[in-house]
Amino acid sequence: KQNECYQAVKTALQMGYRHIDTAEYYQNEKEIGQALLEQFTSGLKREEAFVTSKLWNTRHHPDDVLPACQRSLTDLGLDYLDLYLMHFPVAYARGDNFLPYDDKGQALTMDIHFMDTWKSMEQLVDAGLVKAIGVSSFNISQMEEVLTNGRIKPAVNQVESHPYLGCHRLLEYCTAKGVVLTAFCPLARPGSKEAEQYGVASLLQDPVIVEISKKHGKTPAQVCLKWQVQRNVAVIPMGTTPAMIQENSQLFDFELSEAEMSSINMLDKNGRMVWFQPSETHPLWPFNEEF
Ligand SMILES: NC(=O)C1=CN([C@@H]2O[C@H](COP(=O)(O)OP(=O)(O)OC[C@H]3O[C@@H](n4cnc5c(N)ncnc54)[C@H](OP(=O)(O)O)[C@@H]3O)[C@@H](O)[C@H]2O)C=CC1
Ligand SMILES: O=C1CO[C@H](CO)[C@@H](O)[C@@H]1O
C-alpha cells in the first residue's frame, strides 16, 4: 500500500529500530529514503542506522551491478549502504522486467555465475559505496565457493529461518566461518497462503511456542524472535502496525532456558515458504541442498 512502508519505517526508527532491510525488488526504497531523511533531520546520525539493500536477480551481469547499487543509493538518499546482498544465486535475464518468465512460468535465466557477479560487488566495497557485501538464500556449498574464491568474505547470508526451518547446519557452518546469519520470514508469515502447510493455523499458534510464551508473559512472536537472537541470528520481522512494531522489539527483558531453546529447535520440519520456484530447474537453484 502507498506510504505503508514509509509509515512503518518512520515508526520503527522512532521506536529505536536501527536495521532496515530493503531491496530494489521491493520498490520501496524511495519511501524508506523519505523516512530516513526525516529521522536524520531530527537528529539520528547516519552511522547509527544500518541499511541493507539487495542486488536483484536481473542485475547479475557484471556491468549492471554498479548502476543497480547507485540507483538504490539515490532512491534511499544515501551515499553508502551498510550491507549489500546478492538477493539470490540465480541470474535472471537482464533488463527492467524483474520477473522475466516464459509462458510456462519458468524464469528466463542468464549463464552468469554468481562469482562473476560477486567480483563486481567487491568493487562496490573498494569504491566505498557499500561497507559490506553478503549473499541471500545461498546454500552451504555455494557459500563455500564464495569463501574460497572470493577476495572479500561475505559478511552475511540472509536466509528464510523460523522454528519450522531452523537452518541448523547452515548456522553451524556460518558460525565456524564468522559469517552472520540473518533470518527472513522469522515469523513464518502468519496468515499467509504458504503457512497452510504447517498443520496449525500458523507458527504463532504452535502449542510449544504458545506454552513458552505464556510462561514468560511474552507473545509467540517475541518467543520466535528471541530464539533467533539467543542463537546469534539477526532477525528482520516485517510489521506494519505500531503495536506489532513495538512488540517485535521488546525482546530484551527475558531469556529462554536451554531446555526451551532445545524444544524450539525440535520443531524444525523443513517448513520453507519462499522457494523462488520459477528457477527451480536451474543448476544454481539452492534448495536441492538442505540448509
Ligand atoms: N532475502 C529474501 O529473499 C527475502 C527477504 N525478506 C525480508 O524479510 C522480511 C520479513 O519477512 P516476511 O516475508 O515479511 O515475513 P514475516 O515472517 O516477517 O511475517 C510478516 C507478517 O507477520 C505479521 N506480523 C508482524 N509482527 C507480528 C506479530 N508480532 N504478531 C503477529 N503477526 C505479526 C505481519 O502482519 P502485517 O501484515 O499486519 O504487518 C506480516 O503479515 C521482509 O520484509 C524482507 O525484508 C523476505 C522474504 C525473502
Ligand atoms: O525478497 C523477497 C524475494 O521474493 C519473495 C517472494 O517471491 C518476496 O516475498 C521477498 O520479499
Side-chain angles (χ1 to χ4, degrees), residues 1 3-5 7-9 11-12 15 17 19-29 31-32 50-59 72 76 83-90 92 98-99 101 105 107 134-139 154 156-165 167 170 180-195 198 200-206 209-210 213 218-228 233-251 271-280 285-287 291:
K1 270 182 259 164
N3 264 347
E4 192 177 51
C5 175
Q7 278 302 343
V9 172
T11 305
M15 285 181 179
Y17 280 74
H19 182 189
I20 305 299
D21 183 81
T22 183
E24 183 190 13
Y25 179 64
Y26 305 159
Q27 297 179 64
N28 60 10
E29 290 175 311
E31 285 185 44
I32 293 174
F50 189 97
V51 182
T52 301
S53 189
K54 312 188 193 83
L55 179 84
W56 182 239
N57 310 351
T58 52
R59 310 296 189 196
S72 287
L76 287 160
L83 178 63
Y84 198 45
L85 303 176
M86 199 183 315
H87 210 135
F88 197 64
V90 178
Y92 287 8
F98 285 159
L99 301 174
Y101 295 164
V135 294
S136 181
S137 293
F138 273 47
N139 64 33
V156 166
N157 187 7
Q158 182 185 116
V159 300
E160 178 180 344
S161 177
H162 40 73
Y164 291 157
L165 183 66
C167 303
L170 182 67
V180 171
L181 196 68
T182 297
F184 75 70
C185 294
L187 305 174
R189 293 188 176 165
S192 67
K193 186 108 197 78
E194 305 94 299
Y198 294 144
V200 285
S202 86
L203 167 67
L204 305 185
Q205 283 159 37
D206 185 287
I209 302 288
V210 171
S213 70
K218 303 296 286 186
T219 66
Q222 289 168 329
V223 169
C224 293
L225 298 174
K226 184 68 178 193
W227 167 72
Q228 298 282 20
V233 174
V235 283
I236 46 171
M238 200 272 293
T240 47
T241 65
M244 274 182 198
I245 294 170
Q246 185 162 50
E247 176 182 331
N248 295 342
S249 71
Q250 291 175 335
L251 307 179
R272 185 179 300 286
M273 324 182 82
V274 178
W275 288 98
F276 289 84
Q277 226 122 22
S279 62
E280 69 185 340
W285 190 69
F287 305 126
F291 272 49

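Read the numbers this way: they start at 1 and go in the same order the structure lists the ligands and their atoms. One is the number of the first residue; the rest follow in order along the sequence. Quantities reported herein were computed from a predicted structural model and do not represent experimental measurements.
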Nearest heavy atoms of Met273 and Ala195, plus distance in Å: CE-N, 3.5 Å
Atoms in ligand 1 flagged as close to Pro190, the criterion being non-hydrogen separation under 4.0 Å: 19 (O), 21 (C), 22 (O), 23 (C), 32 (N)
Shortest non-hydrogen contact from Ala201 toward Gln205: CB-OE1, 2.8 Å
His87 ring center near Tyr26 ring center (under 6.0 Å): yes
Interfacing atoms of ligand 2 (cut-off 4.0 Å, heavy-atom, Phe276): 3 (C), 4 (O)
Residue and atom name of the nearest protein heavy atom (relative to atom 38 (O) of ligand 1), distance in Å to one decimal: Thr240 OG1, 3.5 Å
Polar atom proximity, Leu187 to ligand 1 (N or O, under 3.5 Å): yes
Nitrogen or oxygen of Gly239 less than 3.5 angstrom from that of ligand 1: no
Which of the ligand 1 atoms, numbered from 1, are nearer than 4.0 Å to a heavy atom of Lys54: 1 (N)
Taking atom 45 (O) of ligand 1 as the reference point, the nearest protein heavy atom with its distance: Asp21 OD2, 2.6 Å
contact_flag Phe88 ligand 2 heavy-atom lt 4.0 Å: no
Parallel, tilted or perpendicular: rings of Phe287 and Phe291 (30°, 60°): tilted
Atom pair OG1/CE of Thr219 and Met244 - distance to nearest 0.5 Å: 10.0 Å
Winner among Arg189, Gln158, His162 once heavy atoms are compared against atom 1 (N) of ligand 1: Gln158
Nearest-neighbour protein heavy atom for atom 35 (O) of ligand 1, which is reported as residue plus atom name and distance: Met244 SD, 3.6 Å
Ligand 2-proximal atoms of His87, by part, heavy-atom distance under 4.0 Å: side chain
Heavy-atom closest contact (Thr240 atom, Ile245 atom, distance): O-CD1, 3.9 Å
Test of proximity, Arg189 against ligand 2: N or O pairs below 3.5 Å: yes
Nearest-contact summary for atom 16 (P) of ligand 1 - protein heavy atom, Å: Cys185 CA, 3.8 Å
Per-atom contacts, ligand 1 versus Ala221 - under 4.0 Å to a heavy atom: 28 (C), 29 (N), 30 (N)
Protein heavy atom at shortest distance from atom 31 (C) of ligand 1: Leu204 CD1, 3.5 Å
Any Leu83 side-chain heavy atom under 4.5 Å of Gln158 side chain: no
Heavy-atom nearest neighbour in the protein, as seen from atom 47 (C) of ligand 1, with distance rounded to 0.1 Å: Phe184 CD1, 3.3 Å
Taking atom 10 (C) of ligand 2 as the reference point, the nearest protein heavy atom with its distance: Tyr26 CE2, 3.9 Å
Heavy-atom protein neighbour under 4.0 angstrom from atom 7 (O) of ligand 2: no
Per atom 6 (N) of ligand 1, closest listed option by heavy atom (Tyr26, Phe276, Phe88): Tyr26
Test of proximity, Ser137 against ligand 1: N or O pairs below 3.5 Å: no
From CG (Leu187) to CG (Leu225), nearest 0.5 Å: 5.0 Å
From CG (Leu85) to CG (Asp21), nearest 0.5 Å: 7.0 Å
Sub-4.0 Å heavy-atom contact, Phe184 with ligand 2: no
Side chain, backbone, both or neither: the part of Asn248 lying under 4.0 Å from ligand 1 by heavy atom: side chain
Approximate separation, where rounding is to 0.5 Å, of Phe98 CZ and Thr58 OG1: 6.0 Å
CZ-CD distance between Arg272 and Glu160, expressed to the nearest 0.5 angstrom: 5.5 Å
Aromatic plane relationship, Tyr25 with Trp56 - under 30° parallel, 30 to 60° tilted, over 60° perpendicular: parallel
N/O separation below 3.5 Å, Met238 to ligand 1: yes
Which of the ligand 1 atoms, numbered from 1, are nearer than 4.0 Å to a heavy atom of Ala188: 17 (O)
Protein residue, atom and distance nearest to atom 5 (C) of ligand 2, heavy-atom basis: Val274 CG1, 4.1 Å
Heavy-atom pair of closest approach, residues Pro154 and Gly134: CB-CA, 4.1 Å
Where Ser137 and Pro89 come nearest, the two heavy atoms and their spacing: O-CD, 3.5 Å
Minimum heavy-atom distance between Asn248 and Pro237, given as atom pair plus value: ND2-CB, 3.9 Å
Within-shell test, Gln222 vs ligand 1, heavy atom, strictly < 4.0 Å: no
From Leu203 atom CG to Ile209 atom CD1, the distance as rounded to the nearest 0.5 Å: 5.5 Å
Ligand-residue contact atoms, ligand 1 with Pro237, heavy atoms, under 4.0 Å: 18 (O)
Interfacing atoms of ligand 1 (cut-off 4.0 Å, heavy-atom, Ile236): 7 (C), 8 (O), 9 (C), 10 (C)
